[in-house]
Amino acid sequence: MSGARRQINVLNVAEKPSVARSVATILSRNQGMRMREGRSPYNKIFEFEYTIQGQPCHMIFTSVTGHLMELDFDDRFRKWHSCDPAQLFHAPVCKFVPEDKKNIKRTLEDESRRCQWLILWLDCDREGENIAFEVIEVCKGVNHHLDTRSIKRARFSALIDREIHRAMQNLEGPNKHFADAVDARQEIDLRIGASFTRFQTMLLKDKFVIDSAAEERNLVLSYGPCQFPTLGFIVERYWEIQSHEPEEFWTINCSHKSDEGIATFNWMRGRLFDYTSAVIIYEMCVQEPNATVRKVQQQEKLKYPPYPLNTIELEKRASRYFRMSSEHTMKVAEELYQAGFISYPRTETDSFSSETDLQRIVQEQQGHPTWGLYAQQLLDPDAGLWRNPGNGGHDDKAHPPIHPTNLFTGGDRWSNDHCRLYELVVRHFLACVSKPAVGAETIVEIDIAGELFSASGRVILARNYLDVYRFESWGGSMIPTYEFGQQFIPTTLTLDSGVTRPPSLLTEADLLSCMDKAGIGTDATMHDHIKKLLDRCYATKDLHTCFSPTNLGEALVMGYDDIGYELWKPNLRSKMESDLREVSYGYKGKEVVLATCLEETKACFLDVRLNKVKLMEVMTIFFERVNRSTGDDQHGAGEVVRQCGQCQESDMVLKRNRDGNFMVGCLGYPQCRNAIWLPGPVLEATVTTNICNSCTPGPVHLIQFKFRQLGIPPGFSANHLGCIGGCDEILRQLIEICGTGSRTQVRARGPTASSGNVRQNNGREVTCIYCQQTGHTSSDCPSKVSGSRNARSRVMNQENGETTIPCSSCRTPCALRTANTANNRGRKFYSCPSQECNFFVWEDNVNNNSGTRGPSYANTSNSASNPSRRVGRGRGGRSEGRAADVTFVSATGEPLSGRRCFVCGDPSHFANVCPNRVT
DNA sequence: GCAAGGTC
């Protein structure tokens with residue numbers, strides 16, 4: 001019967017030329033396939049015969065290159081000054097084939113005219129579905145016989161025989177819901193992007209001297225729903241760093257040296273933020289230094305190879321290992337792909353299909369001079385090195401993970417980056433099919449005076465995948481052998497101080513992770529958004545691939561933040577994505593989602609425009625105004641207070657910030673960010689010709705203040721001739737009591753932000769009026785006496801006749817204990833029984849509402865740099881054991897004679913009872 | 001001169 005059926009022409013269209021070639025090759029079984037040119041040089045046409053469900057077909061196989069059409073405004077709205085940007089939320093838009101795609105369109109028209117069927121081989125994602133409808137529109141435009149019965153969609157998840165033949169036997173209709181979701185996304189992105197970009201560019205560009213831009217005439221201050229949240233991640237981290245308040249902490253470290261080597265024991269409490277508590281516990285340890293081994297645990301540990309490689313992981317690892325930018329990585333990967341050395345580099349998939357012939361890929365690498373031997377071992381069953389790769393849980397149903405497709409040994413044509421990126425792909429692949437590394441780990445816990453310490457050692461038993469994956473390491477460290485119950489005297493027992501550090505700037509790998517997590521961009525576009533921030537001068541990248549915002553980037557984010565909309569956060573995009581998902585499932589109509597989203601963003605746009613003065617004000621902080629009066633009356637000679645002690649180049653002048661509050665700031669801003677903030681209730685302030693007699697380096701001009709009477713406490717005069725040089729006690733007290741006029745809004749996230757002391761002073765660095773040091777205000781000055789900073793209320797419980805209070809961290813009842821140290825013998829205290837908590841408080845302080853601080857945010861510790869804050873046991877003293885015999889050493893190892901107070905140096909007492917200590 | 005998404 002089939003023999004009687006007349007052959008029909010079938011036009012097949014793939015999303016890209018490579019897929020057209022692959023699918024055509026599979027379907028034709030590489031027999032009788034002919035290739036000819038189309039109108040576009042990149043999109044070849046393949047022809048062969050094929051039978052679909054008994055129907056003989058002449059197959060014509062060609063491709064597009066991604067989207068065939070673009071969306072833009074009607075001509076009359078395209079010029080920037082053609083309309084009010086607000087109109088762009090409802091101005092008519094049209095879809096059209098751009099000039100560079102016209103040849104592809106013509107090929108489709110030529111071929112579809114003589115076809116009876118159209119089969120769409122686009123990628124199986126939303127964008128692919130949308131492109132399918134673009135192709136349908138072009139083909140139906142010239143062939144009116146094409147309809148739902150003759151237009152089919154082939155859905156395939158991999159370019160392998162079985163999958164392609166299966167797709168061909170199960171042709172379906174195209175999914176309009178998927179395509180609608182993309183239409184909505186395109187329109188929203190266009191309208192939001194164009195309106196905000198035109199608005200902020202025209203508002204700010206010509207009003208400020210934006211020095212970061214090389215070509216100011218071409219400066220575009222773009223806004224995009226992906227680029228701005230990406231910038232937001234960078235700025236937010238930058239603000240976190242700026243607002244970090246270093247906190248000193250203390251920790252006890254212990255080591256033990258024997259014939260077998262050294263073990264370093266870490267205190268299981270980690271760190272204490274209360275100095276007195278740390279000293280007390282340290283003192284108890286020193287007085288009873290005998291260590292008892294409480295636990296010896298040995299176990300086998302495995303270190304697994306990474307999951308198969310997808311695009312984001314390739315970009316992150318190339319950035320981490322080679323410091324290659326994601327944009328450059330994709331360019332190099334594309335070239336390797338084009339040359340046939342690696343598989344398609346834009347893929348979300350991180351698991352191999354069971355159909356993939358992994359052994360064949362390894363076989364191809366056996367001849368490589370560097371890792372060929374490893375590939376041979378992998379294929380040798382006796383070596384036992386093979387392991388089926390893990391499943392990373394992502395599958396875009398279109399492409400396999402990135403893997404080598406051919407042996408590549410370099411050559412003149414290829415750069416170093418091509419070679420090392422190929423090496424990464426191969427080594428990563430070989431690692432994926434290798435067994436994990438095996439190690440034997442030993443954990444030893446010891447008890448000194450009731451405090452627990454632990455040490456661990458590791459021996460690598462089998463390196464396995466680490467032998468080929470040179471980018472990862474797994475350190476081995478030996479510790480001496482210990483037995484349960486064994487006792488010994490530690491070799492060193494030190495009380496060390498450290499300072500909490502702010503987090504690091506975001507690296508490119510971090511930024512990609514943030515974007516991936518928040519759903520900003522796709523695997524194929526993330527690197528574009530990052531590059532755009534650099535091109536737009538919103539951010540810079542240093543040699544370590546760390547990103548910092550430029551003044552322009554920070555100003556824009558700060559401006560929108562001030563207006564109150566979270567336009568720089570990922571939420572807007574996430575909400576939009578969730579709406580689009582509803583469209584793609586058919587739960588919501590495209591028109592409804594479009595209308596709602598555009599209505600909301602237009603309202604937001606109008607409100608932003610209403611508050612544009614806030615954007616302008618923030619820009620004023622960072623940039624000079626264009627055509628500003630050259631008289632510089634704001635910074636006139638009479639306003640200079642003193643020379644800046646920080647940059648020692650410019651003058652510090654009295655001025656008002658944008659909220660109208662007074663400050664003394666360096667004229668070298670923004671290069672120098674030194675600033676002194678004045679009390680909030682200042683009504684008027686004038687620099688006088690009077691010079692302070694005591695403050696140096698002089699001259700420091702006195703300022704005549706007038707305070708709001710109701711803003712200052714009773715007993716203070718509303719008029720005050722004050723000095724900002726550090727000598728003025730009244731000014732200092734007023735700042736402590738009333739605060740300053742600086743910005744108090746917390747911009748940082750994370751635990752440090754909750755302290756309430758965080759101030760983002762418009763990008764300026766604060767100088768304490770009390771001690772003249774930077775990094776804190778006088779209200780946080782460590783030099784001043786204050787008993788309330790760590791105050792916390794405690795509740796007393798009576799349980800079974802035992803006095804307990806709840807731990808501040810884990811709420812575990814903490815029983816009353818008695819100290820047995822020389823200086824505090826008999827004194828009662830509470831401490832958390834959990835070794836993971838830092839809670840410690842003297843009983844007599846409970847009623848005073850003081851206690852230790854809970855764990856604080858920090859990611860790095862710092863060994864003490866101040867010798868007076870570091871003590872340790874004497875070295876080499878065999879007779880040590882009692883406190884009286886212990887010798888203390890400085891950080892540099894210099895012995896300190898006898899025991900002495902860390903605060904005043906007095907050898908007669910410890911710091912916890914020092915009369916000079918601030919509590 | 002604007003977005004983001006395909007891909008060459």
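Note: hydrogens, waters and symmetry copies are ignored here, and every other heavy atom, side chains too, is used. To find a chain, count down the sequence lines: A is the first, B the second, and so on, and within it residues start at 1.
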* Asked: Which nucleotide in the list B:dT7, B:dC8, B:dG1 gets nearest to the side chain of A:Lys101?
  -> B:dC8
* Select one nucleotide: of B:dG6, B:dA4, B:dC8, the one nearest the side-chain heavy atoms of A:Thr65. => B:dC8
Which part of the nucleic acid, if any, lies within reach of [X] when heavy atoms closer than 4.0 Å are counted: base, sugar-phosphate only, or nothing?
| X | answer |
| --- | --- |
| A:Tyr223 | sugar-phosphate |
| A:Pro17 | sugar-phosphate |
| A:Arg191 | nothing |
| A:Gly128 | nothing |
| A:Ile131 | nothing |
| A:Tyr344 | sugar-phosphate |
| A:Leu68 | nothing |
| A:Asp123 | sugar-phosphate |
| A:Lys331 | nothing |

Just the rounded figure in Å: distance from [atom2] of [N] to [atom1] of [X].
| X | N | atom1 | atom2 | result |
| --- | --- | --- | --- | --- |
| A:Leu533 | B:dA3 | CG | C1' | 13 Å |
| A:Glu348 | B:dG5 | CD | C1' | 13 Å |
| A:His399 | B:dT7 | NE2 | P | 6 Å |
| A:Leu120 | B:dG6 | CG | P | 18 Å |
| A:Leu598 | B:dA3 | CG | C1' | 13 Å |
| A:His529 | B:dG5 | NE2 | C1' | 8 Å |
| A:Met69 | B:dA4 | CE | C1' | 18 Å |
| A:Ile192 | B:dG5 | CD1 | P | 12 Å |

* Geometric class of the A:Tyr223/A:Phe196 ring pair [parallel <30°, tilted 30-60°, perpendicular >60°] -> tilted
* Asked: In terms of ring plane angle, is the pair A:Phe228 and A:Tyr538 parallel, tilted or perpendicular, where the classes change at 30° and 60°?
  -> perpendicular
* Hey, does the Lys NZ or Arg CZ of A:Arg413 hover above the aromatic six-ring of A:Phe408, less than 6.0 Å from the centre and inside 45° of the axis? -> no
* Establish, yes or no, whether the cationic atom of A:Arg34 lies under 6.0 Å from the six-membered ring centre of A:Phe48 and within 45° of the ring axis. => no
Quick check on [N]: is either OP1 or OP2 less than 4.0 Å from any side-chain nitrogen or oxygen of [X]?
| X | N | value |
| --- | --- | --- |
| A:Arg346 | B:dC8 | yes |
| A:Lys205 | B:dG1 | no |
| A:Thr201 | B:dC2 | no |
| A:Arg573 | B:dG5 | yes |
| A:His81 | B:dG1 | no |
| A:Gln186 | B:dA3 | no |
| A:Ser222 | B:dG1 | no |
| A:Arg536 | B:dC2 | yes |
| A:Tyr337 | B:dC8 | no |

* Student check: side-chain heavy atoms of A:Thr230 and A:Lys532 closer than 4.5 Å -> no
* Stacking between A:Trp80 and the base of B:dG1 (centre distance under 5.5 Å, interplanar angle under 30°)? -> yes
* Record whether the side chain of A:Thr197 comes under 3.5 Å of the base of B:dC2 through a donor-acceptor pair of N or O atoms. => no
* Exercise: do A:Asn130 and A:Asp183 side chains pair donor with acceptor under 3.5 Å -> yes
* For A:Glu334 and for A:Asp72, find the nucleotide of DNA chain B with the closest heavy atom, then tell me which residue's nucleotide is more 5'. => A:Asp72
* Tell me which of A:Lys16 and A:Ser195 sits closer to the 5' end of DNA chain B, going by the nucleotide each one is nearest to. => A:Ser195
* Asked: Does the distance from a Lys or Arg side-chain N to an Asp or Glu carboxylate O, for A:Glu334 and A:Arg346, drop under 4.0 Å?
  -> yes
